[in-house]
Each structure stands twice: as C-alpha cells, then as structure tokens.
Amino acid sequence: MADLKALSEAIIEGDQSTAVAVTKSALAEGMAPETILGEGLIAGMNVIGKRFKANEVYIPEVLIAARAMKMAMEVLEPKLVEAGVQPMGKAVMGTVQGDLHDIGKNLVVMMLKGAGFEVVDMGVDVSPADFVARAKETGAQVVGLSALLTTTMPAMEKTIQAIRESGLGTKVMVGGAPVTQNFADKIGADGYAPDAASAVDLAKSLLN
Ligand code: B1M
C-alpha cells in the first residue's frame with residue numbers, strides 16, 4: 001500500500017524521485033488521485049507553508065519542495081483531469097506593469113498550486129488590460145498582483161481600476177516587499193498578504 005505520509009515527507013524534504021515514485025505506485029494501486037493530492041502533496045506543502053511563515057524554513061527549501069510537488073503533479077494531473085476533480089479555485093497571478101521582479105510572485109504561484117488552486121501565471125510586466133483580459137477568459141475568482149518597486153506600485157492601483165471598470169466580480173489581492181495593508185486599503189484591493197503562505201490563506205478566504 002502506497003504510503004501517503006512518505007509522499008508528504010518527500011514533498012517537505014524536496015525529494016523529487018521519492019515524490020514521483022510514491023505518486024506512481026499509489027496510482028498503480030488504484031488510489032483516488034484526489035486522495036493522493038490532498039493527503040500526500042497538499043499535506044506536505046501545507047507543512048512547508050506553515051514552517052515558512054514561522055521562519056523555520058527559508059526560500060530555498062520552499063523552492064525545492066515546490067519543485068518536488070511540480071514533478072509529482074506532472075504524473076497526477078492527467079488522472080485528476082480524467083477523474084473530473086475540480087480545483088479549489090482559479091487565480092490569475094502576475095507582476096504589474098514596469099516591474100520585472102518575479103521571485104516572490106513565483107513563490108506565491110507555487111504555494112497556491114500546492115494548496116490546490118489552478119493558477120494562470122502571467123509572468124512579469126503585465127499591463128492592466130492583459131490582467132483584465134486573462135481574468136475574463138479564465139473566469140478566475142482571484143487576481144494576484146505583485147510589485148517590488150515603489151515606482152510600480154501605482155500600476156497596482158491602475159490594474160484594480162481596470163478590473164473594477166470591466167465589471168468583473170474578481171477579487172484582487174496584492175503583495176510584494178514595498179506593499180502594505182494601508183496601501184492595499186487605499187487602492188481598493190480586496191486583500192494584502194505579506195508572504196506567500198499568507199497569500200494562500202488570503203486567497204482561500206477571498207473565495208468565500
Ligand atoms: Co531589484 N530592486 N531592481 N532586481 N531587487 C529591489 C526590489 C530593491 C529593494 C533593491 C534595493 O535597492 N535595495 C530596489 C527597489 C527599491 C524601491 O523601489 N524602493 C530594486 C531596484 C531599484 C531595481 C532596479 C530598478 C535596479 C536598476 O536597474 N537600477 C531594477 C528594476 C527592474 C524592473 O523591475 N523594471 C531591478 C532589477 C532586479 C533584478 C532583475 C536584477 C533582480 C530581479 C530578478 C527576478 O526577480 N527574477 C532584482 C532583485 C533580485 C532584487 C532584490 C535583491 C531581491 C528581490 C527578491 O526576489 N526578494 C531586491 C532587494 C531585496 O529585497 N533585498 C531588489 C525575495 C522575494 C522572495 O521576496 O519578492 O518580497 P518578495 O516576495 C515575498 C513577499 O513580498 C510576498 O511573498 C514573497 C515570499 O514571501 N509577495 C506577495 C510577493 N508578491 C506577492 C503577491 C501577493 C502576496 C504576497 O499577492 C498577490
């Protein structure tokens with residue numbers, strides 16, 4: 001019987017080969033893909049998220065865990081699609097126009113995926129119009145904006161205005177080193193998260 005505890009441990013340790021091997025053997029034994037996802041992969045990423053929030057692990061460990069999760073997800077994803085498993089929610093994420101920093105944004109994307117979200121990663125330097133178009137096209141419930149420069153923070157406000165003017169009901173969350181709760185309130189964001197683990201909690205709360 002495939003050991004889902006070993007699978008979540010492999011994610012926590014960033015052990016790609018064990019993560020892939022246990023995922024494959026669990027599928028071969030006929031285990032439900034959503035059980036493997038929830039009790040193995042997401043359970044492991046949740047531990048990493050909590051440890052990251054508590055400063056018990058740092059960015060490299062999160063990146064290594066996320067890579068192991070990605071490898072196992074490549075095996076699992078087609079089976080989840082076959083089984084018709086719905087993602088927890090859909091999110092569109094990107095770094096705002098004029099800003100090329102993506103390390104923090106990538107972490108948020110990985111943690112959201114780890115929590116069971118379907119995420120469209122738009123990359124960096126994303127215009128307000130492109131955010132609106134992609135949110136419309138995908139029906140995302142949440143749009144996440146990242147900015148690392150004080151000079152690109154106004155692009156967050158412009159993006160939120162464009163989303164509101166489009167009439168989409170999409171919730172908008174913001175983050176990045178210079179962003180604060182005060183700023184988020186001022187520009188009319190639905191939420192602000194100081195780090196990637198909090199961004200997952202926030203995105204979940206915005207779905208309700
Ligand atoms: Co840039 N850079 N940089 N840089 N860079 C900073 C941000 C800076 C603070 C350095 C400094 O001067 N001390 C400074 C900004 C100053 C300011 O605006 N106040 C700066 C500058 C000035 C610039 C350039 C203008 C330099 C130049 O060319 N003269 C230029 C701008 C280019 C552009 O964007 N148009 C530039 C370029 C670059 C590189 C390309 C070289 C590189 C980026 C590489 C890349 O991202 N692929 C780079 C880097 C690496 C940095 C530093 C060193 C590190 C940033 C980082 O990745 N942090 C940074 C200095 C520093 O922070 N020590 C600096 C790690 C990352 C995990 O943290 O992104 O904050 P962070 O993400 C966190 C949270 O903020 C949060 O979760 C993450 C994980 O916990 N979070 C969210 C992030 N997004 C979120 C979204 C959410 C929720 C949470 O919801 C949607």
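What's counted below: heavy atoms across the whole structure, side chains too, no hydrogens, waters or symmetry copies. Ligands are counted one by one from 1 in listed order, and the atoms in each one are counted from 1 as well.
Under the 4.0 Å distance rule, the nearest protein heavy atom to atom 26 (C) of ligand 1 falls outside the cut-off. Distances from atom 29 (N) of ligand 1 to the protein include no heavy-atom value under 4.0 Å. Shown here, atom 54 (C) of ligand 1 is out of close reach of the protein: none of its heavy atoms lies under 4.0 Å off. Atom 60 (C) of ligand 1 is never approached by the protein to below 4.0 angstrom, counting heavy atoms only. Within a 4.0 Å radius of atom 11 (C) of ligand 1, the protein has no heavy atom. At a distance under 4.0 Å, no protein heavy atom can be found next to atom 63 (N) of ligand 1. Shown here, atom 4 (N) of ligand 1 is in close reach of the protein: a heavy atom of it lies under 4.0 Å off. For atom 74 (C) of ligand 1, the nearest protein heavy atom lies closer than 4.0 Å.
Within 6.0 Å of atom NZ in K79, 12 or fewer heavy atoms from other residues, nucleotides or ligands are found, so the atom counts as exposed in its surroundings.
Neither V179 nor L107 shares a network with the other; the hydrophobic side chains, linked directly or stepwise wherever heavy atoms of I, L, V, M, F, W or Y lie under 4.5 Å apart, form separate groups for each. One hydrophobic cluster, built from ILVMFWY side chains closer than 4.5 Å, holds both L37 and V20. The hydrophobic clustering, which links ILVMFWY residues whose side-chain heavy atoms are closer than 4.5 Å, places V92 and V108 apart. Put simply, M45 and V142 are part of the same group of oily side chains (I, L, V, M, F, W, Y) that touch within less than 4.5 Å, one to the next. The cluster map of Ile, Leu, Val, Met, Phe, Trp and Tyr, joined by side-chain heavy atoms under 4.5 Å apart, puts L112 and I12 in the same cluster.
When only interatomic distances are considered, the shortest N/O to N/O separation between S146 and ligand 1 falls below 3.5 Å. In terms of polar-atom proximity, defined here as any N/O pair under 3.5 Å, A177 does make such a contact with ligand 1. Every N/O-N/O distance between A193 and ligand 1 stays at or above 3.5 Å. Looking at L100 next to ligand 1, an N or O pair under 3.5 Å apart turns up. Where the criterion is an N or O separation shorter than 3.5 Å, residue side chain and backbone included, H101 meets it with respect to ligand 1. In terms of polar-atom proximity, defined here as any N/O pair under 3.5 Å, K105 makes no such contact with ligand 1. For ligand 1, the polar-atom distance check finds an N/O of G98 within less than 3.5 Å of one of the ligand's N/O atoms.
Interface of G144 with ligand 1, defined as ligand atoms under 4.0 Å from a residue heavy atom, comprises 91 (C). Residue L145 has at least one heavy-atom neighbour below 4.0 Å for each of these atoms of ligand 1: 86 (C), 91 (C). The ligand atoms of ligand 1 that sit less than 4.0 angstrom from a heavy atom of F52 are 80 (O). Residue-ligand proximity, A196 to ligand 1, at heavy-atom distances under 4.0 Å covers atoms 77 (O), 79 (C), 80 (O). The I59 neighbourhood of ligand 1 comprises atoms 67 (C), with distances under 4.0 Å to a heavy atom of that residue. Heavy-atom contacts of L107 reach the following atoms of ligand 1: 67 (C), 79 (C) (cutoff under 4.0 Å). With ligand atoms numbered from 1 in the order given, ligand 1 contributes 75 (O), 81 (N), 82 (C), 83 (C), 84 (N), 85 (C) to contacts under 4.0 Å with heavy atoms of G176.
Note on R164 versus D190: salt bridge recorded, some NZ/NE/NH1/NH2 to OD/OE distance being below 4.0 Å. K113 and D121 are not joined by a salt bridge, as no carboxylate oxygen comes within less than 4.0 angstrom of a charged side-chain nitrogen.
Atom CG of D201 and atom CE of M111 lie 9.0 Å apart (nearest 0.5 Å). A distance of 9.0 Å separates CD of Q86 from CD of E118, quoted to the nearest 0.5 Å. For the atom pair K136 NZ and L168 CG, the distance stands at 5.5 Å (nearest 0.5 Å). Between atom CG of residue L148 and atom CE of residue M153 there is a gap of 10.5 Å, rounded to the nearest 0.5 Å. Between S25 atom OG and L27 atom CG the span is 8.5 Å, to the nearest 0.5 Å. With rounding to the nearest 0.5 Å, the separation of CD1 in I59 from CG in D195 is 10.0 Å.
Closest to atom 17 (C) of ligand 1, if we only count protein heavy atoms, is T150 OG1, 3.7 Å. Here the heavy atom of the protein found nearest to atom 85 (C) of ligand 1 is G175 C, 3.4 Å. In terms of protein heavy-atom proximity, atom 14 (C) of ligand 1 is closest to L149 CD2, 4.2 Å. Here the heavy atom of the protein found nearest to atom 46 (O) of ligand 1 is D102 N, 2.7 Å. Nearest to atom 7 (C) of ligand 1 among the protein's heavy atoms is L148 O, 3.5 Å. Looking only at heavy atoms of the protein, atom 78 (C) of ligand 1 is closest to G104 CA, 3.8 Å.
Minimum interatomic distance between K204 and A115 (heavy atoms only, all atoms of both residues): CE-CB, 4.2 Å. When every heavy atom of G188 is checked against every heavy atom of I160, the shortest pair comes out as O-CG2, 3.9 Å.
Using a 4.0 angstrom heavy-atom cutoff, Y192 does not count as in contact with ligand 1. For the ligand labelled ligand 1, residue T151 lies outside the 4.0 Å heavy-atom shell. Heavy atoms of P194 come nearer than 4.0 angstrom to ligand 1 in at least one pair.
When the options L41, I48, L76 are evaluated for a side chain to side chain contact (heavy atoms under 4.5 Å, CB included) with M69, the one that passes is L41.
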Given side-chain contact (heavy atoms from CB on, under 4.5 Å), test E61 with F52 step by step and report yes or no.
CA-CA 9 Å; E61 286 95 332; F52 181 60; over 6 Å; no
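Of the options V142, D99, I103, the smallest heavy-atom separation from atom 50 (C) of ligand 1 is shown by I103.
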